[in-house]
Amino acid sequence: MHNSSSITEFLLLPFPGTQQLQLLHFCLFLATYLAALLGNSLIITTIAWHHHLHTPMYFFLLNLALLDLGTISTTVPKAMANSLRHSRTISYAGCVLQLFFFMFLISAEFSLLTIMAYDRYVAICRPLHYGTLLGSRACAHMAAAAWASGALYALLHTANTFSLPLCQGNAVHQFFCEIPQILKLSCSTTYLREVWFLVACTCLVLGCFVFIVVSYVQIFRAVLRMPSQQGRHKAFATCLPHLAVLSLFISTGLFANLKPPSISSPYWNLFVSVLYSVVPPAVNPLIYSLRNQELKAALSKLLTGCFQKQ
């Protein structure tokens, strides 16, 4: 039996299979991480460098890229380092920090995606008030609120989770520290406190989801009433990347948390966690760059300028 005071480290789930298969997993993680690093860094640099992209939509996109970079950097490098060292350990403090930052970045990203839905609603349904409702100060306040709410959410969850007595060993059946796996190590009925806290937070998430759905209902109604086909196409083009990113974020998260127990196993959990923690940060830059002609043109100009200087 262990208690939380005697635990100095946790054992993470290692990459499965033979040494060759583990090397393949490592290479896939490395390729995905480098793709996320390159894609999000290019978006951040392009938006920061081109002044004509200093608009609310691209300001929020820059924040999204920063959050994606942080999310994937919180989990993947540690997993790859453990794989190279043939280790599966993470210190107690490291686990606490990893859980905090992952929850912070994920929750801040969902708040930001909600704000981005509001941005699209104002741009399409109330274009005459766009400059008033989404001025530079208002955008900064909304982005700060998203980051601050994520930090508060993560702090409450982390403090609540690690205040529980842990006596079911120290093996975390996941490649990074996450709340459901830590709760499985608790032997106290006080874990129900965290469960109820999760329920309350789920209600807040559902509130954001309802807000997004209502916003897009209004957006689609406004777009369909537009007399110009070109105007409808342009409006849809600005909304589709956000919808795609939002759908990927929500679907992978729901699948990870609502999958039936019959398909639950350590390595299945590993696959599902990769879907919601690794894939979105790597794919999001591709979604936005493929559908956004203005961003593609700015990115092309930036890369051309860099190559010409060389």
Asks: Roughly how far apart are Thr238 OG1 and Arg120 CZ, rounded to 0.5 Å?
Replies: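 Rounded to the nearest 0.5 Å, the OG1-CZ separation comes to 4.5 Å.
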Asks: Residues in side-chain hydrogen bond (donor to acceptor under 3.5 Å, both in side chains) with Ser41, at least two apart?
Replies: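 Applying side-chain hydrogen bond (donor to acceptor under 3.5 Å, both in side chains) to Ser41 gives none.
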Asks: Show every donor-acceptor pair shorter than 3.5 Å between a side-chain atom in residues 122-137 and any protein atom, with sequence neighbours excluded, or say none if there are none.
Replies:
residue: Tyr130; atom: OH; partner: Asp119; partner atom: OD1; Å: 2.5

Asks: Other residues, nucleotides and ligands only: do more than 12 of their heavy atoms fall within 6.0 Å of NZ on Lys234?
Replies: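 Atom NZ in Lys234 is not packed in, count stays at 12 or less.
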Asks: Any idea how Phe29 and Phe175 line up, ring-wise: parallel (<30°), tilted (30 to 60°), or perpendicular (>60°)?
Replies: perpendicular
Asks: Does any part of the side chain of Leu113, heavy atoms only, come nearer than 4.5 Å to the side chain of Ile250, both counted from C-beta?
Replies: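 A side-chain contact under 4.5 Å is absent here.
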Asks: Test of understanding: clusters of I, L, V, M, F, W, Y form through side-chain heavy atoms closer than 4.5 Å, transitively. Do Leu206 and Ile106 belong to the same one?
Replies: no
Asks: Between the side chain of Ser186 and the main-chain N/O of Pro165, is any donor-acceptor distance below 3.5 Å?
Replies: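 Indeed, once roles are kept as given, a pair shorter than 3.5 Å links the two residues.
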Asks: For the hydrophobic clusters of this structure (ILVMFWY residues joined by side-chain heavy atoms under 4.5 Å, transitively), does one cluster hold both Leu66 and Leu246?
Replies: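 Yes, Leu66 and Leu246 fall within the same hydrophobic cluster.
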Asks: Given side chains that start at C-beta, do those of Tyr121 and Ile219 come closer than 4.5 Å, heavy atoms only?
Replies: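 In short, these two side chains touch, coming nearer than 4.5 Å.
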Asks: Locate the shortest heavy-atom distance separating Asn63 from Ala143; write the atom from each residue and the value.
Replies: OD1-CB, 4.0 Å
Asks: Begin from the C-alpha positions of Leu248 and Asn284 and carry the test side chain to side chain contact (heavy atoms under 4.5 Å, CB included) through to its verdict.
Replies: CA-CA 9 Å; Leu248 181 66; Asn284 287 351; 4.0 Å; yes
Asks: Could you report the tightest heavy-atom contact between Ile287 and Ala244, atom names first, then the distance?
Replies: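 What the structure gives for the nearest pair is CG2-CB, 3.8 Å.
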Asks: Do the rings of Phe110 and Phe249 sit parallel, tilted or perpendicular, given the 30° and 60° boundaries?
Replies: parallel
Asks: So do Leu62 and Tyr58 actually touch side chain to side chain, heavy atoms under 4.5 Å?
Replies: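 Counting from C-beta outward, Tyr58 and Leu62 never come under 4.5 Å.
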Asks: Taking Asn82 for its side chain and Thr89 for its backbone only, find out whether a donor-acceptor pair lies under 3.5 Å.
Replies: yes
Asks: Identify the two heavy atoms, one from Ala298 and one from His50, that lie closest to each other, and give their separation to 0.1 Å.
Replies: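 Closest heavy-atom pair between Ala298 and His50: O-CE1, 3.1 Å.
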Asks: Do Thr32 and Val274 come within less than 4.5 Å of each other through their side chains, counting heavy atoms only?
Replies: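 No, every pair of side-chain atoms sits at 4.5 Å or beyond.
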Asks: Above 12 or not: heavy atoms from other molecules or residues under 6.0 Å from CZ of Phe101?
Replies: no
Asks: Ignoring hydrogens and angles, tell me if any N or O in the side chain of Ser300 forms a donor-acceptor pair with the backbone of Lys296 under 3.5 Å.
Replies: no
Asks: Start with the C-alpha distance between Leu69 and Ile44, add both sets of side-chain angles, then the distance that settles side chain to side chain contact (heavy atoms under 4.5 Å, CB included), and finish with yes or no.
Replies: CA-CA 10 Å; Leu69 269 181; Ile44 293 168; 3.8 Å; yes
Asks: Rounded to the nearest 0.5 Å, what separates atom OG1 in Thr158 from atom CG in Leu99?
Replies: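 Result: 4.5 Å between the selected atoms.
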Asks: Through direct or indirect side-chain contacts below 4.5 angstrom among Ile, Leu, Val, Met, Phe, Trp and Tyr, which residues connect to Val214?
Replies: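 Members other than Val214 - counting any ILVMFWY side chain reachable under 4.5 Å - are Val210.
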Asks: Just how far is it from atom CE of Met142 to atom CH2 of Trp147, taken to the nearest 0.5 Å?
Replies: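 Here the rounded value is 16.0 Å.
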Asks: For Gln218, give me all partners under side-chain hydrogen bond (donor to acceptor under 3.5 Å, both in side chains), at least two apart in sequence or on another chain.
Replies: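 Per chain and number, Gln218 pairs via side-chain hydrogen bond (donor to acceptor under 3.5 Å, both in side chains) with no residue.
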Asks: Donor-acceptor pair, Asp68 side chain versus Ala36 backbone, under 3.5 Å?
Replies: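 Not at all, since once roles are kept as given, no pair shorter than 3.5 Å links the two residues.
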Asks: Looking at residues at least two apart in the chain, or sitting in another chain, which of them share a side-chain hydrogen bond (donor to acceptor under 3.5 Å, both in side chains) with Tyr33?
Replies: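 Once residues adjacent in sequence are excluded, the partners of Tyr33 under the side-chain hydrogen bond (donor to acceptor under 3.5 Å, both in side chains) criterion are Ser73.
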Asks: Report the distance from atom CD of Gln181 to atom OG of Ser273, rounding to the nearest 0.5 Å.
Replies: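 Answer rounded to 0.5 Å: 9.0 Å.
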Asks: Any donor and acceptor pair, going by atom type alone, linking the side chain of Gln98 with main-chain N or O of Cys177 inside 3.5 Å?
Replies: yes
Asks: Can you tell me how far the CD1 atom of Ile90 sits from the CG atom of Leu12, to the nearest 0.5 Å?
Replies: 5.0 Å
Asks: Could you go through the side chain to side chain contact (heavy atoms under 4.5 Å, CB included) check for Leu13 and Val172 one step at a time?
Replies: CA-CA 6 Å; Leu13 190 67; Val172 179; over 6 Å; no
Asks: Please name the pair of heavy atoms, one in Pro281 and one in Asn40, separated by the smallest distance, quoted to 0.1 Å.
Replies: O-ND2, 3.0 Å
Asks: Using the ring-ring contact (aromatic ring centres under 6.0 Å, His included) definition, which of the options Tyr216, Tyr288, Phe60 pairs with His242?
Replies: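 That would be Tyr216; it is the only one of Tyr216, Tyr288, Phe60 passing the ring-ring contact (aromatic ring centres under 6.0 Å, His included) with His242.
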Asks: Between Arg232 and Val223, is there a donor-acceptor pair closer than 3.5 Å when you use the side chain of the first and the backbone of the second?
Replies: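 No.
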Asks: I'd like to know if the side chain of Thr71 reaches the main chain of Leu67, judged simply by a donor and an acceptor atom lying under 3.5 Å from each other, with no hydrogens or angles considered.
Replies: yes
Asks: With sequence neighbours left out, what residues match Thr55 under side-chain hydrogen bond (donor to acceptor under 3.5 Å, both in side chains)?
Replies: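 With sequence neighbours excluded, Thr55 shows a side-chain hydrogen bond (donor to acceptor under 3.5 Å, both in side chains) to no residue whatsoever.
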Asks: Between Tyr153 and Phe104, does the ring centre distance come in under 6.0 Å?
Replies: no
Asks: Quick one: OG1 on Thr161 to CD1 on Ile179, what's the gap to the nearest 0.5 Å?
Replies: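 CD1 of Ile179 is found 4.0 Å from OG1 of Thr161.
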Asks: How close do Ala65 and Ile43 get, counting heavy atoms only, and between which atoms?
Replies: CB-CG2, 4.1 Å
Asks: Using the side chain to side chain contact (heavy atoms under 4.5 Å, CB included) rule, take Cys95 and Ile182 through it: C-alpha gap first, then chi angles, then the decisive distance, then the call.
Replies: CA-CA 10 Å; Cys95 187; Ile182 300 296; 3.9 Å; yes
Asks: Which atom pair, heavy atoms only, marks the closest approach of Phe100 to Ala151?
Replies: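 Distance-wise, the nearest heavy atoms are CE1-O, 3.8 Å.
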Asks: Between Ser111 (side chain only) and Ser107 (backbone N and O only), is there a donor and an acceptor less than 3.5 Å apart?
Replies: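 Flag set: sc Ser111 to bb Ser107 pair under 3.5 Å.
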